[in-house]
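Accompanying notes for the structure given below.
If you read the sequence from its start, that first residue is 1, and numbering goes on from there.
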Amino acid sequence: MKQTPKNAGDWFHPAAALDYLPVDHLRALQLKRLKTIAQLAYDRVALTSGRMDTAGFRPQDISSLDDIRRLPFTVKTDLRDTYPFGMFATPLEEVVRLHSSSGTTGKPIVVAYTQEDLEVWSSVMVRSFIACGVSRHDVIQNAYGYGLFTGGLGAHYGAEALGATVIPISGGATDRQIMVMKDFCVTVVCCTPSYFVHMIERARELGEDIRNFPLRVGVFGAEPWSEAMRKHIETESGIRAHDIYGLSEIIGPGVGIECDCQKGLHIFEDHFYPEIINPTTGEPCKDGDEGELVLTTLSKRAIPMLRYRTRDITCIIPEPCPCGRTLRRIGRISRRSDDMFIIRGVNVFPSQVEAALLAVEGTVPHYQIVLTREKGLDQMEVQVEVTPEVFTDTVGALEHLQTTIEKSIENILGINVKIRLVEPHTIERSMGKAKRIIDKRNLNS
Ligand SMILES: [Zn+2]
């Protein structure tokens, strides 16, 4: 593995000290911030104060962190229903930035930042980079999209605040990405994992091998990805692939990050308070049990977000991390309840299909799930790209591969699905979040 020269002065960046706060100090800080932020939401956001009044529980009644469970949840549709500025706790004069995320249907959601909020955002991104072993010696190629999407600017300001050299290349123009990566001696890349897989492949076609570049770290996020995908990326590119977590409704990237141990993501708990709930009942889950992640922003001014239901499925890892950070960890998020689809009564997540595929040799992580309805019955076809070497194999070998994949998926999902092997480069490459599901069921029902 390639290493950037480090010295202790850079390595122990002062911003990272907050990652190691004694737990009782951290809890006291969280409680103090929770009271302040709940009061701000109560005073300024009509939707929230209305719900608190109905529940008969007000911010001044908060006496411990457990009382957070008595605060109302916030859900994505609240942001849509109050579009564009109904959740703001700060007048527009104090808002210095707006971002928005476009949904597949209806109005987008709008998120806002005060100057203070932007500083918090930069600081958690600085801490994220440090946790991945990135320092001011690094050259960071930021291939997240710049614009209304929070990925680009979020990573950008964090990387600059760290003192690293930032290349604000944004997404797309893959040949240029590869040229820049090589010629500018890039050591860190930020993008979606699926886009990086495409870069590895394109580099090969151009006669380059990323394993020979100085690149050593990838900070990958904005879409769920599997452990099998990490292995694929690390083997094919020779870098360390870190998972970063964030969502616009909370702040953008930098809510949580994997440290060097790569065993779960530390949540920057001094700013974001995590809970895990049973998605059906809303009741809290025990540490270690899987459920829906709920986050409260403890310091965000423009839109204080109380108990936001992320729809991401994970768990809180109760054991302390060997890295020494006192920030709690959540398990890798490989499932979003938004991505889930039901086929013949079985709940399916694309990441399960991905893991099943990558367990089979000769496949590449480019796949698409096509759902159709024939005579009232749901059908699922997985289109899988194979490597060029495999594609030139005999018909018998291809049939064998197809059966192996079918069995691998059946083992995980418990249902029989149709596999279609497709030629290399048939499945459209995304420069951002990969489109994994094509649901045609309502078109032909
Ligand atoms: Zn750790």
Side-chain angles (χ1 to χ4, degrees), residues 29-114 116-117 120-121 150 246-252 255 269 271-285 291-312 336-338:
L29 177 67
Q30 287 174 321
L31 180 59
K32 186 171 160 241
R33 288 185 172 170
L34 175 65
K35 288 177 178 174
T36 309
I37 217 73
Q39 190 67 55
L40 179 72
Y42 185 80
D43 293 341
R44 307 268 183 89
V45 185
L47 185 91
T48 309
S49 59
R51 284 178 185 167
M52 284 193 210
D53 286 340
T54 307
F57 186 78
R58 301 198 174 82
Q60 61 268 31
D61 302 325
I62 298 173
S63 62
S64 74
L65 279 171
D66 283 342
D67 284 338
I68 197 167
R69 294 174 191 163
R70 302 180 66 184
L71 294 173
F73 288 118
T74 311
V75 293
K76 193 166 196 162
T77 46
D78 291 335
L79 284 153
R80 295 225 168 93
D81 295 345
T82 56
Y83 174 86
F85 304 148
M87 297 288 285
F88 288 19
T90 310
L92 266 184
E93 304 85 80
E94 287 169 42
V95 168
V96 297
R97 174 103 62 82
L98 294 177
H99 280 280
S100 96
S101 86
S102 57
T104 40
T105 51
K107 296 281 191 191
I109 58 151
V110 180
V111 292
Y113 303 79
T114 63
E116 236 179 319
D117 294 338
V120 167
W121 194 9
T150 47
L247 61 171
S248 303
E249 298 90 319
I250 297 300
I251 204 158
V255 173
E269 279 196 84
H271 296 296
F272 316 111
Y273 189 84
E275 297 171 82
I276 303 288
I277 61 158
N278 176 319
T280 316
T281 63
E283 289 302 310
C285 290
E292 181 181 343
L293 176 66
V294 170
L295 290 166
T296 297
T297 59
L298 295 175
S299 45
K300 206 153 171 276
R301 301 276 148 185
I303 306 181
M305 198 59 90
L306 299 183
R307 305 193 80 202
Y308 184 73
R309 293 188 58 161
T310 64
R311 304 179 67 80
D312 288 324
R336 299 214 64 196
S337 46
D338 283 352

The reported gap from OH in Tyr42 to CG in Leu306 (rounded to nearest 0.5 angstrom) is 13.0 Å

- Query: Counting distance only, does the side-chain N/O of Lys300 pair as donor-acceptor with the main-chain N or O of Ala112 below 3.5 Å?
  - Reply: yes

Heavy atoms of Thr90 and Ala302 approach each other most closely as OG1-CA, 3.3 Å

In this structure, OG of Ser100 is separated from NZ of Lys107 (nearest 0.5 Å) by 11.5 Å

Starting from the C-alpha separation in whole Å, work towards a yes-or-no answer on side chain to side chain contact (heavy atoms under 4.5 Å, CB included) for Val95 and Leu92. CA-CA 5 Å; Val95 168; Leu92 266 184; 4.2 Å; yes

d(Asp78 CG, Thr48 OG1) to nearest 0.5 Å is 7.5 Å

_Within-4.5 Å side-chain heavy-atom neighbours: Gln60 and Gln39_ = yes

In Thr296, Val45, Leu298, Thr297, the residue satisfying side chain to side chain contact (heavy atoms under 4.5 Å, CB included) with Met305 is Thr297

Query raised in the report: Sub-3.5 Å donor-acceptor pair from the side chain of Ser248 to the main-chain atoms of Thr150, do we have one?
Result: no

Value for OG (Ser49) from CG (Asp43), rounded to nearest 0.5 Å, stands at 8.5 Å

Would you indicate whether the side-chain heavy atoms of Arg58 and Asp53 approach each other to under 4.5 Å? yes

Shortest non-hydrogen pair, Asp61 vs Asp67, comes out as O-OD2, 3.6 Å

What do the steps show when you test Phe57 against Leu71 for side chain to side chain contact (heavy atoms under 4.5 Å, CB included), and what is the final call? CA-CA 7 Å; Phe57 186 78; Leu71 294 173; 4.1 Å; yes

dist Phe73:CZ -> Glu275:CD (nearest 0.5 Å) comes out at 6.5 Å

Value for CZ (Arg51) from CZ (Arg307), rounded to nearest 0.5 Å, stands at 12.0 Å

Smallest heavy-atom separation, Glu269 atom then Pro274 atom, equals OE1-CD, 3.9 Å

Pro304 and Ala89 have their tightest heavy-atom pair at CD-CB, 3.4 Å

So, does Asn278 use its side chain to make a donor-acceptor pair with the main chain of Glu283 at under 3.5 Å? no

In terms of heavy-atom contacts, Leu34 and Leu65 come closest through CD2-CD2, 4.2 Å

Q: Could you check if a side-chain atom of Leu293 sits within less than 4.5 angstrom of a side-chain atom of Ile276, using non-hydrogen atoms only?
A: yes

Ignoring hydrogens and geometry, is there a side-chain-to-backbone donor-acceptor pair from Thr77 to Arg80 under 3.5 Å?
no

Check: Is the closest side-chain heavy-atom distance between Arg44 and Phe88 below 4.5 Å?
Finding: no

With a 3.5 Å distance limit and no angle check, can you tell me whether Glu292 reaches the backbone of Ile277 through a side-chain donor-acceptor pair? no

Requested in this report: Determine whether Pro72 and Met52 make a side-chain contact, defined as any pair of heavy atoms from C-beta on separated by less than 4.5 Å.
Outcome: yes

Self-check item: Exam field: side chain Arg70 to backbone Ile62, donor-acceptor pair closer than 3.5 Å
Solution: no

query: Is any side-chain heavy atom of Pro91 closer than 4.5 Å to a side-chain heavy atom of Glu94?
result: yes

So Phe272 and Ile250, do their side chains get closer than 4.5 Å, heavy atoms only? yes

- Query: Do we get Lys76 above Tyr308's six-membered ring, with its NZ or CZ under 6.0 Å from the centre and within 45° of the axis?
  - Reply: no

4.5 Å side-chain heavy-atom contact, Glu249 and Thr74: no

- Query: Angle class for the His99/Tyr113 ring planes (parallel below 30°, perpendicular above 60°, tilted otherwise)?
  - Reply: perpendicular

